[in-house]
**Student:** 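Please read through the structure below; I'll follow up with questions.
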Amino acid sequence: MAEPVLELRGVSKRYGEAVAVDEVSLTVERGEFLTILGPSGCGKTTVLRLIAGFEQPSAGEIVLEGRSMAGVPPERRAVNTVFQSYALFPHMNVFDNVAFGLRMRGFAPTEVRRRVLDALRLVHLEDLATRMVDRLSGGQQQRVAIARAVVNEPAVLLLDEPLSALDYRLRKRMQIELKHLQRSLGITFVLVTHDQEEAFSMSDRVAVMNQGRIAQLDTPTAIYETPANLFVARFVGEINVLPGVVVGCVEHMTHVEVEGRVIPLSTPPGCWQVGNKVHVLLRPEDLRVETLRDLDEDPELRASFGRVPALLGVVEETVYKGATYDVILRLDSGTMLTATEFFNEDDETVYFRPGDRVAVTWVQGWETVLAYAP
Amino acid sequence: MRRDGLFRRLVIAATVVWMAVFGVVPNLLVLGASVSHPSPTTFLSPGFTLGNYALLLDGIHAQILFSSLKLSAAVTAICFGLAYPFAALLARAGRRTRHVLLVLVVIPFWTNSLVRTYAMTVLLNTSGLVNRVLFALGLIDAPLTLLYTTGAVVAGLVYTLLPFMILPLYAALDRFDPRLEEAARDLGAGRFQVLWYIKLPLVLPGIITGCMLVFLPGLGMFYVADVLGGAKTMLVGNFIRDQFLVTRQWPLGAAASTLLTMIMIVLLLIYWWSQRRIHEGKLDV
């Protein structure tokens, strides 16, 4: 494998007693789109500022293109940042803002002009080159900020919540544009966000951060489907967490007692021993819910309902979501579950009614089993 | 709505009349006087001559003018040197500290500046506080002559005018977004380049305002020179006062006064230019 463009080795940042970043190690490949995802205050922006050089790590090392960045000031690092607030220079027009980095590096005026106009074309702002930046819309300012950074052809482009100030529709569009831009330029992107949808839709890999540490670093699919811990599971989307106890292990099959029922789960061999306390994690859209009435009346449905012994409960309420609806149900043990149901093609009404007795099951293997943590 | 419009027009009209009667008309009178012929009996006789201006730029008058400009420039420079670090500190301080410091800047305004200038004589005279402290510390054997020197006038002007430099500088630095410095450094600008291309252009209007508010009074505050500088004519302000009240050469005094107004106009033009640079930018495609 080629040399990684950026590497963090055990990087920590402490402010007095407070630890903002705690021994973060990660490797970013050339051309990769990596997103650091986490709640506010998890240290994700500090990681970005450490890479940019605005902060110096208290411990550990940052290596950019094979060179240690210890003591290297921001102006001499081959990274550029798109700031959350854009931080455009208010006393310059669009062209001068974008040209700033090139001019600081001493490019000839004709070369500056060529590159700036190329960059502006890239973000569809070529007609606004002479406009002052305070007379641009939020989306246009965002594009200037991106052009101002990419025009320098950085080894890594850092983006600090770049889309958070835009409205929903524009944010969606910019997500796609950013992704396309990243692909066509081949520049490595490291993006920071608290929005999991944004992280998933754009990134090759996502690092979920919590309390200064990386909780999980993997592809969006892996993070969503097989979260490494409860924090990640709960932070990326909704999830149902059921406590259980392992009652039997045979090769790939583990029997777990959940909600008073013994359910066979497929897990890697050697993972669990009898007596282990576990959490069984289920995404709402992975749950299958049928009313007991339907199951009684329709043997075919009962047959297709699956091998897993079903959990029984009662519907508390339904929540309309547009394309889907959530069924909030209470199991007989008192545990609450959320299941997401799609509307049938031929039936656009919510099928379940509060008070319906229901059975809940799922396709074996779609669950995630984690060691019990209080 | 109708009454509202009427009220607004009344207020505007009152302001315009006030400015015309007490601003424009006196200035025009001074301008008129400055091109009149001097007259020993009637203060001035009407006519048109540029002789007063020629006289102003000649020999001893030019010397007074020049040394006053020099002195005021020094006062402005000292004020800037003292005010900038303080204003920067103020802009960066927390809310509470900031309020306390701002009150400290404003407190001197509660006392008339003439009284404060007299108070300085108590500090500076041969048996004054400064000399006694220096003597007690064994730094001097004989009292220094501090009062009635150029240094005393400079100190008095700096003391009186410092707040007028601090406040506009503070306003400009407070408005300045420090993230712009980070953005510039991120784009490859060194510390000096950040200062030159980003911070200075954005803070410049505040600097010019401060310099204007210090430099012009620094030419004109004749009572500071009178109290602390002795009988010497040090400032253009003393010169103008003397022309009107002592030697009775009104046209020459009016010419000197007009000259001050012209200096102010030049400074205002520079200010306007620096503002325009921020809001329209330069086209460099």
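Convention: sequence-line order gives letters A, B, ...; per-chain numbering from 1. Treat the numbers as computed from the prediction; the structure is a model and nothing was measured. No hydrogens, no waters, no symmetry mates; every other heavy atom, side chains included, goes into these values.
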**Student:** Which residues in residues 143-157 of chain A have a heavy atom less than 4.5 Å from any heavy atom of chain B?
**Tutor:** A/R148, A/N152

**Student:** Using 0.5 Å steps for rounding, measure from the CG atom of B/D186 to the CZ atom of A/F54.
**Tutor:** 4.5 Å

**Student:** Can A/M104 and B/V194 be said to form a side chain to side chain contact (heavy atoms under 4.5 Å, CB included), step by step?
**Tutor:** CA-CA 10 Å; A/M104 288 303 109; B/V194 171; over 6 Å; no

**Student:** To the closest 0.5 Å, what do you measure between CG (B/L187) and CZ (A/R103)?
**Tutor:** 12.5 Å

**Student:** Going through the distances and angles, do A/F100 and B/I198 end up as a side chain to side chain contact (heavy atoms under 4.5 Å, CB included)?
**Tutor:** CA-CA 10 Å; A/F100 190 82; B/I198 305 300; 3.7 Å; yes

**Student:** Would you indicate whether A/F33, at its atom CZ, is surrounded by more than 12 heavy atoms from other residues, nucleotides or ligands within a distance under 6.0 Å?
**Tutor:** yes

**Student:** In residues 55-85 of chain A, which residues are in contact with chain B at a heavy-atom separation under 4.5 Å?
**Tutor:** A/P73, A/P74, A/E75, A/V79, A/N80, A/T81, A/F83, A/S85

**Student:** According to salt bridge (charged side-chain N to carboxylate O under 4.0 Å, His left out), does anything in residues 31-47 of chain A pair up with another residue at least two apart or in another chain? List the pairs.
**Tutor:** A/E32-A/R205, A/K44-A/E161

**Student:** So which bits of residues 164-183 of chain B come within less than 4.5 Å of chain A, counting non-hydrogen atoms only?
**Tutor:** B/R179, B/L180, B/E182, B/A183

**Student:** Which bit of A/L158 is near chain B, if near means a heavy-atom gap under 4.5 Å: side chain, backbone, both or neither?
**Tutor:** neither

**Student:** Flag yes if more than 12 heavy atoms outside A/R173 fall under 6.0 Å of its CZ atom; otherwise flag no.
**Tutor:** no

